[in-house]
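This report refers to the structure that appears directly beneath it.
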Number of protein chains: 2
Amino acid sequence: MKKQAKAVILLSGGMDSCVTLALAHQNEHKLYALHLNYGQLTEKRELKSFKEICKHYNIPSSQRLIIDVSHFKQIGSNALTDKSIPLNKSGKIDTKVPTSYVPFRNAHILSIAVSWAEVIKASKIYIGAVQEDSSGYPDCTAYFLRLFQRAANAGTKPETKLTIAAPLLHLSKTEIVQEGIKLKAPLHLTYSCYESNEVPCQKCDSCVLRAKGFKNAKVKDPILSN
Amino acid sequence: MKKQAKAVILLSGGMDSCVTLALAHQNEHKLYALHLNYGQLTEKRELKSFKEICKHYNIPSSQRLIIDVSHFKQIGSNALTDKSIPLNKSGKIDTKVPTSYVPFRNAHILSIAVSWAEVIKASKIYIGAVQEDSSGYPDCTAYFLRLFQRAANAGTKPETKLTIAAPLLHLSKTEIVQEGIKLKAPLHLTYSCYESNEVPCQKCDSCVLRAKGFKNAKVKDPILSN
């Protein structure tokens with residue numbers, strides 16, 4: 001039997017990371033799922049989705065890593081962890097860098113993924129970053145990810161060779177929904193809302209983008225009742 | 001009065017970071033000191049040095065940030081946080097990547113510095129990384145730092161422009177001691193040992209390099225009695 005290449009997958013529990021995991025699964029990687037709690041308003045709900053998605057793909061505990069990152073809250077200045085900063089809830093996507101932007105968040109997340117990848121000798125890191133049709137985060141661009149990959153290979157042991165894959169980067173939300181359905185990804189287990197731990201608010205940027213994706217794909221979102 | 005440019009200084013409490021702070025002070029920056037607890041064996045002792053050095057330079061609490069990073073311990077595989085992995089205590093510096101290497105540590109530390117710098121609108125980050133005459137960490141090279149700086153500017157807001165300065169990078173330990181004395185840096189407040197919270201073990205790589213620096217500079221290390 002061919003030895004499976006190990007891959008670290010950043011799995012927030014949202015739709016994008018779930019479809020990314022489904023793609024890594026299709027590529028026959030040995031899957032290592034990484035989840036971050038960083039004091040986001042929906043921390044508990046996202047963790048629940050993470051666990052259920054891991055279970056769906058038979059990822060054992062030894063291949064899961066849940067990290068508590070308290071410092072996003074300490075550094076502050078974003079609406080996902082600081083209740084005093086309002087989230088955009090106009091129902092329309094802002095074209096500027098939004099208040100939900102956590103300064104340089106993906107660099108922190110990717111640094112953790114790189115460290116873990118180096119320890120377990122994984123060769124690939126999957127991240128569900130979306131550049132097109134997204135919220136305009138500067139750390140979700142192909143340019144940033146390419147530079148970070150170069151920094152990662154420069155800053156680790158000579159024998160560590162890592163590729164950072166962002167297979168959804170240029171897909172629209174509609175295409176992500178379609179890809180998820182094609183791959184039989186468990187979209188019913190995912191959660192995307194920034195605001196509420198109970199039911200999706202359907203007003204925040206993340207809910208609005210998700211709804212648009214399902215609508216254009218002419219598919220009902222399985223997490224919404226009615 | 002000319003407005004001072006803000007700078008974030010990574011201040012572990014060791015000699016290198018103290019001399020780096022002294023240089024930033026000389027450059028008339030408004031100083032923001034960042035310290036990380038990451039479960040290292042000498043966590044408490046280093047924090048004490050951090051506080052005393054901040055006090056020496058009149059850096060108020062509002063310009064200090066102490067971050068607890070628990071995940072280096074969770075990811076494991078290094079001798080600074082994992083007692084089951086032996087530190088090199090031969091008294092000689094190994095030429096390979098040593099067991100004290102925390103996988104990709106500087107990327108984590110710099111990511112935190114970049115996020116904080118973006119929030120407070122600092123334009124410069126000072127890190128006391130030393131490439132020459134050091135312990136052979138891959139994330140302490142000019143090449144890595146240059147690539148990380150590019151990634152940092154790509155992954156933050158368009159208006160954020162950051163320079164990562166590593167003024168000690170090509171200095172020997174001897175030159176660092178000499179620079180510290182020239183700048184009147186409070187070397188007596190610093191602590192460099194990897195192993196012991198009480199008195200420097202004088203056997204670990206960090207103690208050995210420090211001792212060599214003072215010896216060659218023909219200066220007595222103020223933290224050693226007798």
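- Dense packing is recorded around NZ of B:Lys6, with more than 12 heavy atoms of other residues, nucleotides or ligands lying under 6.0 Å away.
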Stepwise, does the side-chain hydrogen bond (donor to acceptor under 3.5 Å, both in side chains) test hold for A:Glu46 with A:Gln40?
CA-CA 9 Å; A:Glu46 287 184 20; A:Gln40 68 272 44; 3.0 Å; yes
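- In summary, of the residues considered (A:Ile164, A:Asp16, A:Leu110, A:Leu21), a side chain to side chain contact (heavy atoms under 4.5 Å, CB included) with A:Leu10 occurs for A:Leu110 alone.
- The part of B:Ile66 that comes within reach of chain A is its backbone (N, CA, C, O), which places non-hydrogen atoms under 4.5 angstrom from that chain.
- Contact of B:Ala152 with chain A is made through backbone and side chain together, with heavy-atom distances under 4.5 Å.
- When B:Asn153, B:Ile112, B:Leu65 are compared by the number of non-hydrogen pairs under 4.5 Å with chain A, B:Ile112 comes out ahead.
- Neither the backbone nor the side chain of A:Leu145 comes within less than 4.5 Å of any heavy atom of chain B.
- Aromatic ring centroids of A:His108 and A:Tyr38 lie 6.0 Å or more apart.
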